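Just below is one structure, and these are the notes that go with it.
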Amino acid sequence: MAENTPDDGKRPSYYVTTPIYYVNAAPHLGTAYSTILADVQARFRRAMGYDVMFLTGLDEHGEKVAASAAEHDMTPQQWCDSQVPAFDDLWKTLEITNDDFIRTTEPRQTASVQHLWEVLKERGYIYKGSYDGWYCVPEETYFTETQVAHSDEANHTEGAHLCPDCGRPLERVQEESWFFKLSEFQKPLLDLYRDHPEFVEPEIRRNEVVSFVEGGLKDLSISRTSFDWGIPLPFDERHVTYVWFDALINYLTAVGYGDDSPEAAATLARRWPAQTHIVGKDIIRFHCVIWPAMLMAAGLPVPERVFVHGFLMVRNEETGAGEKMSKSRGNAIAPAEVIDMLGVEGYRYYFMTDVEPGTDGAVSFSRMEQVYNTDLANSWGNLVSRTLNMSAKFFEGKTPVLPEGWTTAASPLRDAADGLLDRYAADMADFAYGKAAEEVMALVHAANHHIEDTEPWALAKDPVRADELACVIGDLLESIRICAHLLEPFTPETSAEVLRRISCEGEIGSTDLATACEWGAIPQDVPVTKGDALFPRLGTPGK
Ligand code: ME8
């Protein structure tokens, strides 16, 4: 893999992406899940000192988009433009910190895609032929005769050819087409998976990809002539680029590919290869087979890692089983419903810590309420509220002045914080967000227990034990300060608010988590603000 060269000799680049979503559907719980997963990683990496580039965007070409535009009496471009605000608004609401937002209808994408066509032609990886097979418009995927299923009578499509992935009727496509020599990449791809197992994570997905590639690869049809909503080939204008070929290239476009300015060349050299593409399990073949083959064909390095997450399912409260979310089943949950119930910070915390990204996760309102109440209201929120109240009450609205030697004095909370950052950082880097949050919650629980064990209200009554009281409150405030830093990727606004309440606003947005988490930095004799409850408790589950 190529070196990830730092630009200023210090900060390594970390380029992370989400899929670019189809404009046709409004953003939903699933697309928000991928986007927040990426946002949490981007925030964590920034805090660890990386120079982060976080990209998301929209996939706007293809037959499906052209058809929706026609249904809405709009031009395809008008239709795409009309869909953008819904994504923009939701990402802003969910505190998504993407550095760029790419749309495949932008001129930079046309330049980049057309450049890649030229490169592939020159390097001999494409040829003109004719395609005769099946195409699934909703999935924008080609299938051969042997891959497609004939359906049953039950859905009244007897004899029809149905998509093996989504079960909807396929379209017969017989047309002249340009092909990509995917078949030449079986061995290079298998070598990639063997030599760089981290290229596809988790392992279960890697095995899936390996067995698919071992089964043999066919050349891929990558242009269409029967409609025109796409990027024309630079050397054969009757053809437009296959929408997936176009879409995948977005990851290169956003970092300067296809732009011949020196600045773009420098950005590309610095940012490519990407560190992590985050994708759902439905689009694994495009990202783990076709995409690396395209890059190899173009003579470019492949991304370091494709992290594949599972699908969100809805938990059926009666059977306990996870069901596919869909409008027709009436079980689809809109992001707005969750935000109304948990707030944005509760939303992010729940999905990031309770839904294991490696597998399919079943979500439910009752579980949301339980996680929110247990972790955020009763543990973290309660700890902050009790500690700030006591500090304000016992130390005249301020943090205590701490006795000499406090920083190195034995304390169960100092012990609990010891090594925490290392464990947390390893989990975060692995997308084990639930485990990372558990590590932080362990310190929160230890701090809550410490309050019960030391009974600061009793210490406060005894002037002889003033130093002891100062140490207890100091330990608690210090634990809170550290937890606020570690929870920032999940609940950024709450963490900032906690730091403000303990006069540590200067630490907000720290890019040096190791220093920020060093025990002993709590400022002394500075104002504390009690403030409102961070996470007001929700009603009883089930109600
Ligand atoms: O496939 N649970 O776009 P798309 C979790 N344009 N994640 C889900 C989900 C669910 N139930 N449903 C969707 C496309 N997703 C192409 C991508 S990239 C070069 C082109 C997420 O709008 C998940 O990340 O159909 C999935 O891979 C993605 O949305 C598909 O988004």
Side-chain angles (χ1 to χ4, degrees), residues 16-39 41 55-65 68 80 83-84 86-87 90-91 96 101-105 109 112-113 116 136-141 163 165-166 168 205 222 230-231 241-254 257 274 276-292 294-295 303 306-315 322-327 329 331-335 338 351-352 354-363 431:
V16 58
T17 67
T18 71
I20 50 169
Y21 307 111
Y22 288 128
V23 276
N24 268 11
H28 50 80
L29 224 54
T31 44
Y33 181 67
S34 306
T35 310
I36 307 173
L37 274 178
D39 186 63
Q41 192 64 213
L55 177 71
T56 188
L58 293 176
D59 190 353
E60 305 190 351
H61 287 130
E63 212 173 336
K64 191 166 64 170
V65 173
S68 295
C80 294
Q83 297 296 93
V84 175
F87 286 89
L90 185 61
W91 298 163
I96 303 301
F101 186 88
I102 190 163
R103 300 179 55 190
T104 54
T105 51
Q109 175 75 356
S112 165
V113 170
L116 193 83
C136 174
V137 179
E139 302 277 312
E140 302 282 18
T141 307
C163 173
D165 285 354
C166 70
R168 284 173 283 199
R205 304 297 172 207
I222 52 169
I231 298 181
T241 312
Y242 168 44
V243 62
W244 266 103
F245 216 68
D246 170 355
L248 288 162
I249 298 169
N250 93 86
Y251 302 130
L252 279 176
T253 309
Y257 190 76
T276 307
H277 291 317
I278 294 173
V279 302
K281 65 175 187 179
D282 54 331
I283 54 177
I284 183 171
R285 285 184 197 169
F286 297 102
H287 285 83
C288 302
V289 181
I290 298 175
W291 181 225
M294 286 165 68
L295 290 163
V306 180
F307 182 79
V308 186
H309 66 75
F311 258 42
L312 295 181
M313 314 283 275
V314 181
R315 194 181 137 89
E323 291 175 348
K324 201 172 168 203
M325 214 183 311
S326 75
K327 281 193 193 131
R329 280 175 200 248
N331 67 354
I333 300 174
V338 182
F351 281 101
M352 292 300 107
D354 202 50
V355 184
E356 182 65 49
T359 53
D360 289 345
V363 304
F431 287 87

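Because the structure is a prediction, the values reported are computed rather than measured. We're numbering straight along the sequence, starting at 1. For ligands, and for the atoms within them, numbers begin at 1 and follow the listed sequence.
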With distance as the sole test, does [X] use its side chain to make a donor-acceptor pair with the main-chain N or O of [Y] at under 3.5 Å?
| X | Y | result |
| --- | --- | --- |
| K281 | G310 | no |
| T104 | E60 | yes |
| T241 | I231 | yes |
| D360 | F311 | yes |

So is [X] polar-close to ligand 1, meaning N/O to N/O under 3.5 Å?
| X | answer |
| --- | --- |
| G280 | yes |
| G30 | yes |
| K281 | no |

Under the side-chain contact (heavy atoms from CB on, under 4.5 Å) test against W291, which residue among F245, F286, Y251 passes?
Y251

Applying a strict 4.0 Å limit to heavy atoms, is [X] in contact with ligand 1?
| X | result |
| --- | --- |
| H309 | yes |
| F286 | no |
| M313 | no |
| W244 | yes |
| A25 | no |
| H287 | yes |

Could you tell me if the side chain of V306 sits less than 4.5 Å from the side chain of I284, heavy atoms only?
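Side-chain contact under 4.5 Å: no.
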
Does any part of the side chain of L58, heavy atoms only, come nearer than 4.5 Å to the side chain of Q83, both counted from C-beta?
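No, side chains not in contact.
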
Going by the atom numbers of ligand 1, which of them fall below 4.0 Å from some non-hydrogen atom of [X]?
| X | result |
| --- | --- |
| A247 | 19 (C) |
| Y251 | 18 (S), 19 (C) |
| D59 | 6 (N), 16 (C), 20 (C) |
| H28 | 12 (N), 13 (C) |
| G310 | 5 (C) |

What protein heavy atom sits nearest [atom], and how far off is it?
| atom | value |
| --- | --- |
| atom 3 (O) of ligand 1 | Y22 CD1, 3.4 Å |
| atom 17 (C) of ligand 1 | I20 O, 3.1 Å |
| atom 29 (O) of ligand 1 | T31 CG2, 3.6 Å |
| atom 26 (C) of ligand 1 | D282 OD1, 3.2 Å |
| atom 31 (O) of ligand 1 | Y21 CD2, 3.6 Å |
| atom 1 (O) of ligand 1 | I283 CG2, 3.5 Å |
| atom 24 (O) of ligand 1 | S34 OG, 2.6 Å |
| atom 2 (N) of ligand 1 | L312 N, 2.8 Å |

Taking all non-hydrogen atoms of both residues, which atom of [X] and which atom of [Y] are closest, and how far apart?
| X | Y | answer |
| --- | --- | --- |
| Y21 | T56 | CE1-OG1, 3.9 Å |
| T141 | Y242 | CA-OH, 3.7 Å |
| S34 | T18 | O-CG2, 4.1 Å |
| V355 | Y33 | O-OH, 3.1 Å |

What pairs with F351 under ring-ring contact (aromatic ring centres under 6.0 Å, His included), at least two apart in sequence or on another chain?
Y347

Spacing of OG1 belonging to T253 relative to CZ belonging to R103, to within rounding of 0.5 Å
14.5 Å

